[in-house]
Amino acid sequence: MAPPFRPGTPARTPNKRPVSVTKPSPKRRKISGEDDRGARTKSPGSGATRKPPGSGARTKSPGRGALSGLGKSYNSKSPGKSPTPSLKMKGDAGGDADMKGVAANNKSPADRKARKELAEVRKKKRKPNYDLEKDVVSLWEKTRQRNIKKDDRSKLVTEILKKMEGKLPDMAVNHIMARALQTCVKYCTPAQRESIYNELRPHCLTLAKDTYAYHLVIKMMEHANKNQLQQMLSLLHGNVVALLRHPNGSPVLEQAYLSANAVQKQELLAEFYSPEFRLFKGMITAGKGRVVDLLATEPAAKRRAVLEHMTLALQPILEKGIVDHSIIHRAIVEYLSISKKSMIQEVVQQLSGALLVRMLHTRDGAKVGVTCVMHGSNKDRKKIVKGMKGHVSKIARDEHGSMVLLSIFDVMDDTQLATKVIIKEIMKDLQELVLHKNGRRVILYLLAPRVTRYFPPDILAVLEPPAPVDSTNWKPEGKGPIDKDEEEEDEEGVVGVGKKDPLLRRFQLLVTSGLAKELADVCRVHARELLHSQWGTDVIFEVAMGGANSELWKAAPSEVTAVHKAISSLVALPQISMDVDDKPEEHVMEGYFSSRTIRRLILESKLPPSGVDAESFSAIFWSTAIKGNCKRWAKGHSAKVVSAFGACADEHTKLAAKAELQVLIDEGTLQMGPAFSHQSSEKAQ
């Protein structure tokens, strides 16, 4: 029987020694392993114990996880823990020697050779044609040398094709083998090229979408004969729109379109019009390839179906931004030719900005750009101009892109934005543009707009405001009612015409912007170079004439007179002069382009407008350069310049030059036209 419990004595349990409980003395030193209250804490490696109240976060022993987040490292010292030994102790010289020995063993030639052999084995397992690719690459590197002989390259190409025979489709999808095959297609014989085409033709559609193989398909189209090209185009039938939406397939289709003839191009384009052209071949007849011609005799329902199908085909392409290819430009032109104004404005809003700049390098792309400028609102035109920022000089040099700049000069009312973006960038490269065949047109359009001498009829036709679509042309009698939407659209107003007066717009772009003075300075400083240039002569002629409506005479008469004097001063130079490279340079009076330009200036120059105190070009040129020297210049090309004073527009200069010219005519030194002889005989009588 258990004894009764008494206060002050510990309870006894069976088979256990009694444990005496004593309170620690307040003055006793704290034993290691106790907390501030004297309670025993958990020792490293012991079992779980109850955490004392208020003792903070639980710590983990080394080997059971990361230490507590107290900012201490793994080997930091803490109470009750010994630091973990590192691999290399401080001052241990033997550890350094051992580590250097291991590194030396890893870099030994035998070890490197073993690793290389292991890599080769792994590549052979991963690539079934690894040995073949390795041999082909070694041969291909030799064919790429520039100094290799033609016969040697032909032998190497033959050897490469022999090794890859029967495996061309698999080799074409490899990034290196595809390049080797391109070299073979370029330099192989016609018979070898035919064998390559026969082996790869069934796989062309698949290869056209591959990241590396589509370059090979493009190269095959570049070097294909008529029969091979026709066979490759037949494979693309029914897949035109799908390939254009593919990032790798669209360059293939662009090359096919560029390589095809007119009939083949129309067959490729016809797949945009209707599913019928995609499913059936030979539906395009000669002379009726355009969608307007195809729908000329069709009912209104057919036109609406074609518009809907073209919208569904072009919309994903435009959304993806694939607008760099000429076939897409042509498809958009055909779509705009039959679209209503509301549909055209949707296309304009989608293309306005930087996207349109990427289309201006082709004729059809420039037509789309001009259409966007003509049909766009003021907001759309501002977006188009802002998208050209940084590219104006390049667009001005382009044969087709320059037409878009001309259309902006015609219709854009915000001349401040046009000056800030377009005119300022033109002024930066003004000297280069006045000497460029296409760049000079942008400047000439402000000096002499729509002059047929500088702007051919095909350019002026593109710049004409578009005529409204007549809905009656699409719906013959008895074919159904006219669409009400089209009747309402015809009443919206004239498209392609700005609200500002054209003369005021041109004055602001040419004079207010500061372009006129800058242009006159360039012509004065580089007068000799411009006169000898085939394209610069037109610019210096129009500047010397003072502009189509005498804008330069009114705004900068002193600058125009300075150009006249600069041209006249060139006549005083010796007939044989040396240029920068110490080569003889032709005199302006004897040069082909310079002599004819000076003759034009003498014949057409008139007195400045009223209110301008200046002389005409013919008066300055006569008094400064020709007077008293007519006999010297009465031979060769310069004789045409001297004889021009007998028919110049300035009557005062004409009378002043008559006496000296008559002496040369009587001597037979100078030959004048019959008009001058007739006038002289009448006055003598």
Side-chain angles (χ1 to χ4, degrees), residues 262 290 292 326 329-330 332-334 336-337 344 348 351 356-376 381 384-385 387-388 391-412 415 418 421-423 425-426 429-430 432-468 494-498 502-503 505-506 509-510 515 519 533-543 545 547-549 551 593 597 600:
R290 297 193 60 192
V292 176
S326 56
H329 302 170
R330 187 62 195 173
I332 296 175
V333 169
E334 296 291 342
L336 296 176
S337 65
I344 294 176
V348 171
L351 291 178
L356 185 64
V357 179
R358 294 163 51 191
M359 303 177 62
L360 304 182
H361 60 280
T362 64
R363 182 171 182 81
D364 292 321
K367 287 183 179 180
V368 175
V370 173
T371 303
C372 291
V373 173
M374 295 291 184
H375 285 84
R381 291 168 184 169
I384 292 172
V385 172
M388 293 181 176
H391 307 283
V392 174
S393 181
K394 185 177 181 180
I395 294 173
R397 291 186 180 91
D398 189 78
E399 178 183 2
H400 309 296
S402 57
M403 293 191 292
V404 181
L405 295 178
L406 305 186
S407 65
I408 292 174
F409 294 159
D410 274 340
V411 301
M412 188 165 183
T415 54
V421 177
I422 298 177
I423 302 299
E425 290 194 26
I426 289 175
D429 300 328
L430 192 58
E432 299 177 6
L433 291 176
V434 295
L435 296 170
H436 196 272
K437 177 182 178 181
N438 302 314
R440 69 190 175 99
R441 289 177 179 169
V442 180
I443 300 169
L444 289 173
Y445 199 75
L446 295 173
L447 294 170
R450 296 182 179 270
V451 176
T452 55
R453 182 184 183 94
Y454 311 129
F455 305 100
D458 57 338
I459 294 180
L460 296 178
V462 175
L463 297 176
E464 287 295 327
V494 181
V495 178
V497 178
L503 295 178
R505 182 190 300 111
R506 192 163 64 86
L509 293 174
L510 180 62
L515 178 61
L519 190 58
S533 170
Q534 181 181 0
W535 315 116
T537 52
D538 297 330
V539 177
I540 195 172
F541 172 81
E542 293 297 338
V543 172
M545 291 294 293
N549 296 312
E551 294 93 352
F593 298 109
T597 302
R600 278 182 65 199

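All residue numbers in this chain count up from 1 along the given sequence.
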TODO: Just jot down the ring pair (Phe, Tyr, Trp, His ring centres under 6.0 Å) partners of His361, sequence neighbours excluded, or say none.
DONE: His329

TODO: List the atom of Leu444, the atom of Asp538, and the distance in Å for their closest heavy-atom pair.
DONE: CD2-O, 3.8 Å

Task: Criterion side-chain contact (heavy atoms from CB on, under 4.5 Å) on Val462 and Arg363, from CA distance to verdict - done: CA-CA 10 Å; Val462 175; Arg363 182 171 182 81; 4.0 Å; yes

- [ ] Answer with yes or no whether the side chains of Asn438 and Ser402 bring together a donor and an acceptor at under 3.5 Å.
- [x] no

Open item on the list: Considering only residues two or more places apart or on different chains, which pairs with a residue in residues 392-409 satisfy salt bridge (charged side-chain N to carboxylate O under 4.0 Å, His left out)?
Closed with: Arg397-Glu432

- [ ] Can you see which heavy atom on Thr597 is nearest to which on Ile540, and at what distance?
- [x] CG2-CG2, 4.4 Å

TODO: Using the test side chain to side chain donor-acceptor pair (under 3.5 Å), find all partners of Asp364 that sit at least two apart in sequence or belong to another chain.
DONE: Arg330

Task: Val373 side chain reached by Met412 side chain, heavy atoms, under 4.5 Å - done: no

TODO: Determine, stepwise, if the pair Met359 / Ile332 fulfils side-chain contact (heavy atoms from CB on, under 4.5 Å).
DONE: CA-CA 11 Å; Met359 303 177 62; Ile332 296 175; 3.8 Å; yes

Open item on the list: Let's go through Val442 and Val392 carefully: what are the C-alpha distance in whole Å and the side-chain angles of both, what is the deciding distance for side-chain contact (heavy atoms from CB on, under 4.5 Å) to 0.1 Å, and is it a yes or a no?
Closed with: CA-CA 11 Å; Val442 180; Val392 174; over 6 Å; no

- [ ] Work out which heavy atom in Ser337 is nearest to a heavy atom in Val292; give both atom names and the distance.
- [x] OG-CG2, 3.6 Å

- [ ] Heavy atoms only: give me the nearest Leu435-Gly536 pair and the separation to one decimal.
- [x] CD2-CA, 4.3 Å

Task: Between CZ on residue Phe409 and CG on residue Leu510, distance to nearest 0.5 Å - done: 10.0 Å

Open item on the list: Could you tell me if the side chain of Leu519 sits less than 4.5 Å from the side chain of Val539, heavy atoms only?
Closed with: yes

TODO: Answer whether the closest heavy-atom distance between the side chains of Cys372 and Ile384 falls below 4.5 Å.
DONE: yes

Task: Validation row: Arg440, Val434 side chains within 4.5 angstrom (heavy atoms) - done: no

- [ ] Determine the minimum heavy-atom distance between Ala396 and Leu433, stating which atoms define it.
- [x] CB-CD2, 4.2 Å

Task: Interatomic spacing from OG in Ser407 to CZ in Arg381 - rounded to 0.5 Å - done: 9.0 Å

TODO: Report the residues that fulfil side chain to side chain contact (heavy atoms under 4.5 Å, CB included) with Ser326, sequence neighbours left out, ordered by chain and then residue number.
DONE: Glu254, Tyr257, Leu258, Thr362

Open item on the list: My understanding is that only residues two or more places apart in sequence, or in another chain, count here; which of them pass salt bridge (charged side-chain N to carboxylate O under 4.0 Å, His left out) with Arg506?
Closed with: Glu551

Hey, can you pull the donor-acceptor pairs under 3.5 Å for the side chains in residues 446-460, sequence neighbours left out?
unit_1	atom_1	unit_2	atom_2	d
Arg450	NE	Tyr445	OH	3.3
Arg450	NH1	Glu464	OE2	3.4
Arg450	NH2	Asp410	OD2	3.1
Arg450	NH2	Leu463	O	3.4
Tyr454	OH	Glu542	OE2	2.6

Task: Nearest heavy atoms of Gly369 and Leu360, plus distance in Å - done: CA-CD2, 4.3 Å

Open item on the list: Just verifying a value: how many Å separate Leu509 CG and Leu515 CG, rounded to the nearest 0.5 Å?
Closed with: 9.0 Å

Task: Separation between CD1 of Ile422 and NE2 of His391, rounded to the nearest 0.5 Å - done: 13.0 Å

Task: Gap separating the CG atom of Leu351 from the CZ atom of Arg358, nearest 0.5 angstrom - done: 10.5 Å

Task: Inter-residue atom distance Phe541.CZ - Phe593.CZ, 0.5 Å rounding - done: 16.0 Å

